[in-house]
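Remarks on the structure that follows.
To find a chain, count down the sequence lines: A is the first, B the second, and so on, and within it residues start at 1.
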2 protein chains.
Amino acid sequence: MSLRHALLGLLSERPASGYDLLKRFETSLANVWPATQSQMYTELSKLSADGLITVSAEGPRGRKEYTLTDEGLTELRHWLTETRPQRNTRSDLLLRVFFLDVLPPEHARGYLAWLADMSQREYEDLRRLEESIDWGDDPLSVNGRIALEYGLRLNAMRREWAEWAADRIG
Amino acid sequence: MSLRHALLGLLSERPASGYDLLKRFETSLANVWPATQSQMYTELSKLSADGLITVSAEGPRGRKEYTLTDEGLTELRHWLTETRPQRNTRSDLLLRVFFLDVLPPEHARGYLAWLADMSQREYEDLRRLEESIDWGDDPLSVNGRIALEYGLRLNAMRREWAEWAADRIG
DNA sequence: CATTGACATGTCAGTTCTGGAACGTCTAAC
DNA sequence: GTTAGACGTTCCAGAACTGACATGTCAATG
């Protein structure tokens, strides 16, 4: 149900079309809330029907530019302040750990080593991303930087943990 | 699609009924892969229809005990070795961070402070859980301990990050 | 013997999500 | 001119998931 709020959030910065939002998603929110194209267009229609956003302009190729309404902004604020994240996140990654013993130890260690590598690679990708961005003082920069820092710390922690875990097996 | 594998994994330890699995889930896997009762019974039926598990005994009150078949074990091993976790996990928590600037700074800091507290509480809960369990040398203890350690490290990291982030705002 | 609570399964309507297919338009480059 | 590629939207079948409701049995307690 939070794709809704992700879209409201993006539109709170500036008006955009579904296509624009799709692009913005790819380069930012996709990491924390993956969504497909069909899901986004569907959700935009619903948001529009619910009056949280409105078609503020139509461009070439049937382009529809959506703008956040006051009601939409209220809903976004409400979501941020009155509701708390609750859904336990699913982790395919950790689920596997529970059943590692059905594999021979060297395979299990192999999985953990792969995890460590993957975390390291993601860490480096994020570092490069961090360096490639011209961080300003604007709100989006501050928030984006904070979210990115979370990713950095997560991947660092994950790598260390995977290495620690590999040692415990066998 | 991984509830399937969670169930296969649990059944690889020993045969169990849907009800048994439900209980086992609550106390272990629920943290990494939440699932409802209806989902589990539905999935058990499908697994049985697909020949990955089989009804090995029927008990009182319509109890059906399921046992992993060879085919099921093969599928479990295949999942563990041949496939890689890919789905980016959704994080309601991080999603909010992106839009924190629509709130006044003190509210934003309040959210991060709440996050830090929550992480601290979860950390302590896990510590208590860790101490309450009699960890043996069996495979499940080893794996469970490893998964728990992940939770500990994650919450520790999250708390530090939230405190760091609160400092950056305003 | 009545009741409570754990045991035990099944079904269903409604929603969300996935992974595509389909369709059409504009622009720049060749 | 035409064609490739970016732009742009809509629809859909099927799977997964949620949050109930429905139904009944067995064992122990009072």
Side-chain angles (χ1 to χ4, degrees), chain A residues 1-8 10-11 15-27 29-30 32-50 53-67 79 83 85-92 95, chain B residues 1-8 10-11 15-27 29-30 32-50 52-66 79 83 85-92 95:
Chain A
M1 196 52 184
S2 274
L3 173 58
R4 202 178 182 79
H5 300 110
L7 293 174
L8 290 176
L10 284 177
L11 287 172
S17 69
Y19 193 83
D20 291 341
L21 292 168
L22 211 55
K23 295 288 152 171
R24 306 258 297 283
F25 236 77
E26 275 170 17
T27 55
L29 294 182
V32 305
W33 203 273
T36 60
Q37 173 251 41
S38 52
Q39 219 183 322
M40 288 186 48
Y41 279 111
T42 304
E43 196 60 44
L44 284 171
S45 297
K46 283 194 207 164
L47 282 166
S48 184
D50 293 349
I53 63 178
T54 186
V55 177
S56 52
E58 307 212 13
R61 281 163 287 194
R63 181 180 207 272
K64 289 189 218 162
E65 192 181 67
Y66 291 102
T67 298
W79 171 70
T83 68
Q86 85 291 41
R87 219 227 272 211
N88 301 348
T89 44
R90 298 197 165 140
S91 173
D92 199 346
L95 183 57
Chain B
M1 197 50 184
S2 273
L3 173 57
R4 203 178 182 76
H5 300 109
L7 292 173
L8 291 176
L10 285 177
L11 287 172
S17 69
Y19 193 82
D20 292 341
L21 293 168
L22 211 53
K23 296 289 151 166
R24 306 258 297 283
F25 236 77
E26 276 170 17
T27 56
L29 294 183
V32 304
W33 203 273
T36 60
Q37 176 251 37
S38 53
Q39 218 184 325
M40 286 186 51
Y41 279 111
T42 304
E43 194 61 43
L44 284 171
S45 296
K46 282 196 209 163
L47 282 166
S48 184
D50 293 349
L52 302 183
I53 62 177
T54 184
V55 178
S56 51
E58 307 212 12
R61 282 163 285 194
R63 181 180 205 271
K64 288 189 221 164
E65 192 181 70
Y66 291 103
W79 172 69
T83 68
Q86 84 291 40
R87 217 228 273 209
N88 302 349
T89 45
R90 296 193 169 145
S91 174
D92 198 345
L95 182 57

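Here the side chain of K46(B) is nearest to one of dC17(D), dT11(C), dA16(D), namely dA16(D).
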Please encode protein proximity along nucleotides 3-9 of chain D as a string of B, S and -, counting only heavy-atom distances under 4.0 Å. ---SBBB
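Side-chain N/O atoms of Q39(B) include one lying less than 4.0 angstrom from OP1 or OP2 on dT18(D).
R63(A) is listed as a side-chain neighbour of D20(A), based on a closest heavy-atom distance under 4.5 Å.
Scored by the salt bridge (charged side-chain N to carboxylate O under 4.0 Å, His left out) test, R61(A) finds no partners at all (sequence neighbours excluded). Residues passing the side-chain hydrogen bond (donor to acceptor under 3.5 Å, both in side chains) test with R4(A), sequence neighbours excluded: E43(A), D50(A). Contacts of F25(A) classified as side chain to side chain contact (heavy atoms under 4.5 Å, CB included), with partners at least two apart in sequence or in another chain: L3(A), A6(A), L7(A), L10(A), L29(A), A35(A), M40(A). Applying the side-chain hydrogen bond (donor to acceptor under 3.5 Å, both in side chains) criterion to T36(B), with sequence neighbours excluded, gives S38(B). With sequence neighbours left out, T83(B) forms a side-chain hydrogen bond (donor to acceptor under 3.5 Å, both in side chains) with R96(A).
One atom, CG of L7(A), and another, P of dC17(C), lie 11 Å apart when rounded to the nearest Å. Rounded to an integer number of Å, the gap from H5(B) NE2 to dA16(D) P is 11 Å. Nucleotide dC17(D) holds its P atom 10 Å from the CZ atom of F25(B), rounded to whole Å. Nucleotide dT15(C) holds its C1' atom 14 Å from the CG atom of D50(A), rounded to whole Å. Rounded to a whole Å, the CZ atom of R90(A) is 12 Å from the P atom of dT18(C). Atom pair L44(B):CG and dT9(C):P shows a separation of 8 Å (rounding to whole Å applied). Nucleotide dC17(C) holds its C1' atom 11 Å from the CD atom of E43(A), rounded to whole Å. The distance between atom CG of L21(B) and atom P of dC7(C), rounded to the nearest whole Å, is 14 Å.
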May I have the step-by-step check of side-chain contact (heavy atoms from CB on, under 4.5 Å) for Y66(B) and T54(B), ending in yes or no? CA-CA 5 Å; Y66(B) 291 103; T54(B) 184; over 6 Å; no
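The base of dG10(C) is not paired with the side chain of T42(B) by any donor and acceptor separated by under 3.5 Å. For a distance-only test at 3.5 Å, the side chain of S38(B) qualifies as a donor-acceptor partner of the base of dG19(D).
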